[in-house]
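Notes for the one structure printed next.
Bear in mind the structure is a predicted one, so any value in this text is a computation, not a measurement.
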Amino acid sequence: MKAGFERLAYDPIPALIASGERALIYFVQRDLLGEKIGSGQFQLKIPEVVHLIKKQSVDGSWKYHGSGPQRHPYTNYNLLEAFRSLSILVSKYQLTMDHPAIQNAAEYVFRCQHREGDIRGILGAQYMPYYHAVILEQLILAGYGDDPRVLMGIEWLESVQQADGGWLIPAQSVPPDEKTDKFWVGHPLLADRNLPSSHLCTGMVLRVFAVHPGFRKKSCARRAAQFISSRFFKPDYYNERKASVYWIKYQFPFWWLNLLTALDSFSLMGFPVEAENIQLGLDWFADHQEPDGLWPTGYDKGRKAIENRNWVGLAVCRMLRRFSGKR
């Protein structure tokens, strides 16, 4: 059974090099070609990085600009913006806790953590295991994996896992007409453990286990991975990004669950290509590679569509390289 690059009809590396993006080329040389190159301190001069650091608030957050606060005053949009900014600085450009901007952002996030262990605010007072997890993911990638607050956050996720091995956003189980402003600012709701999990939520939660070497082998993470692989190309049980087409809509840095984020997690967790449905996912990337060596993202319009396609291509290659037995 073939894995990774062995199935590809075209070499994706020339297209990535031809992008002309300095950071992207650096990661191609380091992560795909195995070249011994210098440190990535040049990232601090990249305009997107400079802009984000300049816009960071004194409290470590980033101010959300949009009409959301007027429509949903219970939402902590600055926490949402902090996640977005951390994803770019940490996942994309690989800044770490050595940088003051990441330190300040981490402390802001930890101030949004409750005594139960969960980070809260984007869904008002309600639990948000999916955002909680991907925020922790960024902190772990930045070097906070051993921080007691991160460990407490992971333990909270273990404590709210559903019976079928996945996770559910508790608000998903509430009828729409009951989601009033009072609901969003009221006592947080715990989901019925016997309800079916959301594969969207489960896939986002799994990422925090996958990026942490101390948790990726745990039984709760393996059960979650099995649940996700059983859902490939199926619609979700719930209305959040329910349609099956969302499995093949890709963005980088990662945000929502899709086929790439799922396979990326599985590759980090050490699953072999023979594991349930993994080959099905790898087949999609072999069958849908385009002649220039890259892949359709499902987002082919907008100013950043080409840039997104290049970075998604790098993420696909990293994932395929792991399945080929290279780390």
Main chain of [Y], side chain of [X]: is a donor-acceptor contact present, judged purely on distance under 3.5 Å?
X      : Y      : result
Gln172 : Ile169 : yes
Arg84  : Leu79  : no
Lys179 : Ala171 : yes
Asp264 : Met319 : no
Asn258 : Leu260 : yes
Arg322 : Phe266 : no
Ser57  : Gly60  : no
Ser85  : Ala82  : no

Does either side chain, that of Ser197 or that of Asp164, offer a donor lying less than 3.5 Å from an acceptor on the other one? yes
Decide whether Trp311 and Glu21 meet the rule of one side-chain donor and one side-chain acceptor closer than 3.5 Å. yes
What class does the angle between the rings of [X] and [Y] fall in, given that below 30° is parallel, 30 to 60° is tilted and above 60° is perpendicular?
X      : Y      : answer
Tyr127 : Trp156 : tilted
Trp284 : Tyr250 : perpendicular
Phe215 : His212 : perpendicular
Tyr131 : Trp256 : perpendicular

For the rings on [X] and [Y], is their centre-to-centre separation under 6.0 Å?
X      : Y      : value
Tyr299 : Trp255 : no
Trp167 : His199 : no
Phe254 : Phe252 : yes

Would you say [X] and [Y] make side-chain contact, with heavy atoms under 4.5 Å?
X      : Y      : result
Glu155 : Glu158 : yes
Ile135 : Met128 : yes
Gln126 : Leu189 : yes
Leu294 : Glu290 : no
Val316 : Pro12  : no
Ser61  : Gln56  : no
Gln29  : Lys36  : no
Ile102 : Val90  : yes

Salt-bridge test for Arg309 and Asp292: reply yes if a basic N is under 4.0 Å from a carboxylate O, no otherwise. yes
Is it the case that more than 12 heavy atoms not belonging to Lys55 sit under 6.0 Å from its NZ atom? no
List the steps, then state whether side chain to side chain contact (heavy atoms under 4.5 Å, CB included) holds for Leu282 with Leu320. CA-CA 8 Å; Leu282 294 175; Leu320 293 176; 3.7 Å; yes
Could you walk me through whether Lys242 and Asp236 satisfy the salt bridge (charged side-chain N to carboxylate O under 4.0 Å, His left out) test, starting with their C-alpha distance in whole Å, then the side-chain angles of each, then the deciding distance to 0.1 Å, before giving a yes or no? CA-CA 5 Å; Lys242 180 175 184 175; Asp236 207 338; over 6 Å; no
Both conditions, 6.0 Å and 45 degrees, for the charged tip of Arg231 above the ring of Tyr237: are they met here? yes
